[in-house]
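Residue indices begin at 1 and follow the sequence shown.
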Amino acid sequence: MKTVDASSLEPNGYPTLSGKTNPERPPNVPGKEHKQISIDDPRYIIQPGDQLSIKFFFNPELNEEDLVVRPDGHISLQLVHEVKAADLTPVQLKGVLEKKYVGQLKNPEIAVIVRSIREPYRIYVDGEVGKPGEYEMVGSISVLQAIARAGGMNEDTAKKSNVKVIREDQDGQRFVINVDLDGALNGGDLSQDIRLLPSDMVYVPRSFW
């Protein structure tokens, strides 16, 4: 299995040498929907994997149907390109888009509609943590946040400087990311506390000295 350092990752969470700069859309899996908050509820927070429609009232040629929020939380739109949609309500995303299209369009009046919601993505935490297991990935979450949800590291036995994140690349091949959480916890290198992607596994190894 290929191994890379956290510092070598592109902003999309994949290593430079993978040869791709944009993660592919996840496959559409119909019928798996969240039950907690209806998509019609204005409090609903958009998540990776959600399917959106973006309507431009005076520029229908820019309309986007069945637009899937990528695992990195972004969507791609004409003229403004990459826009972060995850962790926003539809109303908040509407406001972001209308601001971005000022100067591009004469009257950017936009509607954001959530068409379907995916079953929550999962991450996995194992090794020297309080509660190893599978956890729901709600919004953006970092390695340290995932470990905290798993009850934190076992202080006496966890090897914080050599935490592993196992991830699949865009071709479905697994690779290992070396993460030095000592640096992040000491405030020296916060970039080591990388953001997780759906289905990532965090493994905290045991220290033998």
Side-chain angles (χ1 to χ4, degrees), residues 9-14 18 20-57 59-101 104-105 108-125 133-143 145-146 148-149 165-172 194-202:
L9 297 178
E10 292 286 325
N12 62 12
Y14 298 101
S18 68
K20 297 183 181 181
T21 57
N22 290 313
E24 296 172 358
R25 291 178 176 179
N28 189 16
V29 183
K32 293 187 175 182
E33 300 182 345
H34 295 305
K35 304 298 183 183
Q36 295 90 341
I37 298 180
S38 164
I39 58 177
D40 299 321
D41 192 314
R43 299 171 300 167
Y44 178 74
I45 303 294
I46 295 169
Q47 302 293 327
D50 286 355
Q51 195 172 61
L52 309 178
S53 289
I54 311 294
K55 303 282 191 182
F56 294 77
F57 290 106
N59 303 88
E61 70 278 4
L62 298 177
N63 286 354
E64 293 281 357
E65 298 287 345
D66 302 327
L67 188 63
V68 177
V69 182
R70 300 196 310 256
D72 65 357
H74 288 70
I75 55 176
S76 296
L77 294 169
Q78 298 178 68
L79 302 180
V80 297
H81 309 299
E82 296 291 301
V83 179
K84 184 178 180 183
D87 301 326
L88 300 176
T89 65
V91 172
Q92 289 171 330
L93 179 57
K94 164 186 165 70
V96 168
L97 293 177
E98 288 180 347
K99 286 181 181 178
K100 283 186 173 291
Y101 277 98
Q104 304 278 358
L105 303 176
E109 188 171 342
I110 300 170
V112 175
I113 302 165
V114 181
R115 292 296 186 191
S116 65
I117 309 169
R118 299 299 175 81
E119 181 177 290
Y121 285 116
R122 303 287 176 174
I123 54 173
Y124 307 87
V125 186
E134 175 184 303
Y135 291 89
E136 181 178 323
M137 182 179 181
V138 179
S140 179
I141 186 171
S142 72
V143 176
Q145 288 170 330
R149 290 182 64 182
V165 176
I166 302 170
R167 176 172 294 173
E168 286 190 359
D169 66 17
Q170 301 96 319
D171 297 318
I194 61 173
R195 294 286 158 183
L196 297 178
L197 296 182
S199 299
D200 278 357
M201 172 177 281
V202 178

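With Arg149 contributing its side chain and Glu136 its backbone, the two residues share a donor-acceptor pair below 3.5 Å.
A salt bridge links Lys55 to Glu65: at least one charged side-chain nitrogen sits closer than 4.0 Å to a carboxylate oxygen. Under 4.0 Å is where a charged nitrogen must lie from a carboxylate oxygen, and between Glu82 and Arg70 at least one such pair does.
With sequence neighbours left out, Phe56 forms a ring pair (Phe, Tyr, Trp, His ring centres under 6.0 Å) with Tyr101. A search for salt bridge (Lys or Arg N to Asp or Glu O under 4.0 Å) contacts involving Lys94 returns Glu98, not counting sequence neighbours. Residues passing the side-chain hydrogen bond (donor to acceptor under 3.5 Å, both in side chains) test with Arg167, sequence neighbours excluded: Asp200.
Among all heavy-atom pairs drawn from Lys84 and His74, the shortest one is N-CD2, 3.6 Å. In this structure, Val80 and Lys100 approach most closely via the heavy-atom pair CG1-O, 3.7 Å. Ala86 and Pro48 make their closest contact through CB-CD, 4.0 Å (heavy atoms, listed as atom of the first residue, atom of the second, distance).
Under the 4.5 Å side-chain criterion, counting only non-hydrogen atoms from C-beta, Gln92 is not in contact with Val96. No side-chain heavy atom of Ile45 sits under 4.5 Å from any side-chain heavy atom of Leu88. Using a 4.5 Å heavy-atom threshold, the side chains of Asp50 and Val68 count as separate.
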